[in-house]
Amino acid sequence: MTNPPNPTSTTTSPGPRAGRREWTALGVLMLPLLLVSMDVSVLYFAVPAISADLEPTGTQQLWIFDIYAFVLAGLLMTMGSLGDRIGRRRLLLVGAAAFGAGSLLAAYANSAETLIAARAVLGIGGATLMPSTMALVRTMFRDPGQRARAIGMWSGVMTGGIALGSVMSGLLVEYFWWGSVFLVNLPAMALLLVLGPILLPESKNPDPGRFDLLGVPLSMAAVLPVIYGLKEIPSEGWHPQYVLSVTVGLFFAHLFVQRQRTSASPLISPALFRGRGFGPAVVLNLLAAFAMMGSAYFTTQYLQSVLGKSSVEAALWGLLPTVLVGIAAPVAAALVQRGVERAHVVAGGFVTAACGYGLLALVGTDSLWLVLAGAGVLAAGIVTVMSQMMDLGLSTAPLDKSGAAASLLETGSEFGGALGMAVLGSIGTAVYRHGIPASAPAPAQETLGGALAVARQLPARTGDALITTAREAYAHGMQAAAIAGVVVLLGAAVLAARALRGVTVRETVVEEAEDYCVQGD
């Protein structure tokens with residue numbers, strides 16, 4: 001009797017190898033991905049100029065910052081599923097046009113309301129671009145080794161773009177006006193619109209079924225309240241409205257899951273989780289994002305407020321740790337291709353990241369190189385994990401659902417990042433507040449930034465003493481959060497070693513998949 005195929009076994013038909021055209025197309029895809037990731041941080045140094053020009057209220061300024069990430073996170077699952085239905089290349093090009101239009105509108109916005117609306121359009125465009133690029137990588141690179149390298153490059157560009165965005169922002173605002181931070185998007189999007197139809201294959205689900213219209217608002221109602229609550233908790237504390245926001249989001253998440261289980265054509269098909277690899281890939285990718293964003297919350301402020309670097313100086317120093325990012329993903333892919341079990345590589349990535357947090361746990365108030373080393377080691381370990389989990393998640397998902405698979409992996413990253421900032425940020429804040437004397441002014445007891453602002457208004461000796469105390473308290477809070485990060489990452493390493501043991505990829509190169517994947521130029 002013939003045994004049924006094992007969904008986690010490796011077959012000997014890896015598929016055709018990509019050539020120069022596919023690698024050139026990957027380079028084109030990297031441009032929008034880089035810009036989408038840069039837009040997360042591109043406003044960091046433009047805010048003073050925007051505030052002087054548009055005079056937004058405090059609430060409007062928060063929305064100028066946050067609306068992009070909220071819309072992006074809320075629409076990822078919808079856009080991933082939509083790309084599977086109408087074609088990933090088509091959705092990518094529509095998203096590029098929307099991103100370009102939003103960039104142009106933002107650059108010449110003459111009011112805070114217009115800028116908020118433009119940032120929302122950018123979020124919509126970003127939500128179409130991210131899952132589409134990853135799904136097209138899955139389509140173009142059918143050979144496992146080539147696909148692993150391509151996804152490693154995808155992960156490196158995604159991670160590096162966030163750091164590059166803040167530097168680009170500082171330099172452009174220094175020499176041009178604040179709208180220039182958005183205009184840099186236009187040439188890349190124009191290039192994508194010209195070369196995309198020539199280089200990128202179209203791919204979609206040949207039998208997608210009806211679009212789950214009810215699933216769209218349910219997915220947004222699940223994602224947005226949770227992201228909002230987790231985003232506000234580190235700075236504002238565990239106030240009832242933020243806890244309620246997270247609770248409401250989790251309630252809608254339960255309704256969304258139930259809907260996906262019962263719908264004939266769900267946004268996120270339960271079939272994605274039938275293979276052993278996809279579920280662990282989502283969870284472990286979430287934990288990796290938890291660690292990455294949790295550390296970024298501290299290191300950025302450490303460089304500026306503890307070491308006293310200017311915004312541009314801090315951003316430039318912050319680029320150094322990303323050097324290791326470009327090395328880590330290719331090394332991890334090479335190890336897996338040479339026969340090292342993926343479980344060991346991923347567990348090793350988590351242990352490496354834990355070592356990075358271990359270095360951060362040793363920081364004092366004058367530890368520039370220690371912080372940079374810790375951040376670099378941490379980033380290298382996390383990118384190792386993320387690149388492998390993206391590869392595993394996409395490779396074990398059915399080809400016709402690769403857009404939905406990509407969107408779910410990325411939504412998990414958004415959740416993980418927000419959760420890391422909330423949990424580790426809360427730990428650090430609690431330790432900081434414990435280290436500030438009760439007699440200190442109220443703003444100083446809340447944040448390091450508040451302490452620095454208050455200190456400038458005090459007599460020199462008193463102000464200097466408060467600054468020293470606040471910086472030491474912040475360093476202690478960072479140490480405590482780093483220790484918590486070590487615990488989480490070592491636990492993740494154990495989980496990876498167990499959950500991924502024996503999990504390999506079943507290649508889905510069959511005749512009908514070949515017909516499905518590439519439908520002409």
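Small disclaimer: the values here were computed from a predicted structure and weren't measured. For reference, positions follow the sequence shown, starting with 1.
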[Y] side chain reached by [X] side chain, heavy atoms, under 4.5 Å:
| X | Y | answer |
| --- | --- | --- |
| Leu287 | Leu495 | yes |
| Arg342 | Asp391 | yes |
| Phe415 | Leu419 | no |
| Val363 | Gln479 | yes |
| Gln388 | Leu392 | no |
| Arg88 | Leu91 | no |
| Ser367 | Met478 | no |
| Asn285 | Glu410 | no |

Distance, nearest 0.5 Å, that separates [atom1] of [X] from [atom2] of [Y]:
| X | Y | atom1 | atom2 | result |
| --- | --- | --- | --- | --- |
| Ser81 | Leu76 | OG | CG | 12.5 Å |
| Leu192 | Phe99 | CG | CZ | 11.5 Å |
| Arg90 | Leu82 | CZ | CG | 10.0 Å |
| Arg89 | Thr133 | CZ | OG1 | 15.5 Å |
| Leu75 | Ser219 | CG | OG | 7.5 Å |
| Leu359 | Leu372 | CG | CG | 11.5 Å |

Decide side-chain contact (heavy atoms from CB on, under 4.5 Å) for Leu424 and Phe290; before the verdict, give the C-alpha distance in whole Å, the side-chain angles of both, and the deciding distance to 0.1 Å. CA-CA 9 Å; Leu424 299 184; Phe290 175 101; 4.0 Å; yes
Let's go through Thr247 and Phe251 carefully: what are the C-alpha distance in whole Å and the side-chain angles of both, what is the deciding distance for side-chain contact (heavy atoms from CB on, under 4.5 Å) to 0.1 Å, and is it a yes or a no? CA-CA 6 Å; Thr247 303; Phe251 170 74; 5.8 Å; no
Please test Phe350 against Val385 for side-chain contact (heavy atoms from CB on, under 4.5 Å), starting from the C-alpha separation and ending with a verdict. CA-CA 7 Å; Phe350 277 123; Val385 173; 3.5 Å; yes
So, for [X] and [Y], which heavy atoms are closest and what is the spacing to 0.1 Å?
| X | Y | result |
| --- | --- | --- |
| Ala353 | Ile382 | CB-CD1, 3.8 Å |
| Gly102 | Val121 | CA-CG1, 3.8 Å |
| Gly393 | Leu409 | CA-CD1, 4.2 Å |
| Gly356 | Val377 | N-CG1, 3.7 Å |
| Thr384 | Gly349 | CG2-CA, 4.1 Å |
| Ala405 | Leu394 | CB-CD2, 4.3 Å |

Test item: [X] side-chain N/O and [Y] main-chain N/O as donor-acceptor pair under 3.5 Å:
| X | Y | result |
| --- | --- | --- |
| Ser245 | Gln241 | no |
| Thr352 | Gly348 | yes |
| Thr78 | Gly74 | no |
| Ser132 | Leu129 | no |
| Thr128 | Leu92 | no |
| Arg119 | Ile67 | no |

Classify the ring geometry between Tyr474 and Phe298 as parallel (under 30°), tilted (30 to 60°) or perpendicular (over 60°).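 Judged by the thresholds at 30° and 60°, the geometry between Tyr474 and Phe298 is tilted.
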Tell me, with the steps shown, if Met140 and Leu29 meet side-chain contact (heavy atoms from CB on, under 4.5 Å). CA-CA 11 Å; Met140 294 187 299; Leu29 285 179; 3.6 Å; yes
In short, salt bridge (charged side-chain N to carboxylate O under 4.0 Å, His left out) pairs touching residues 420-429 with sequence neighbours left out are none
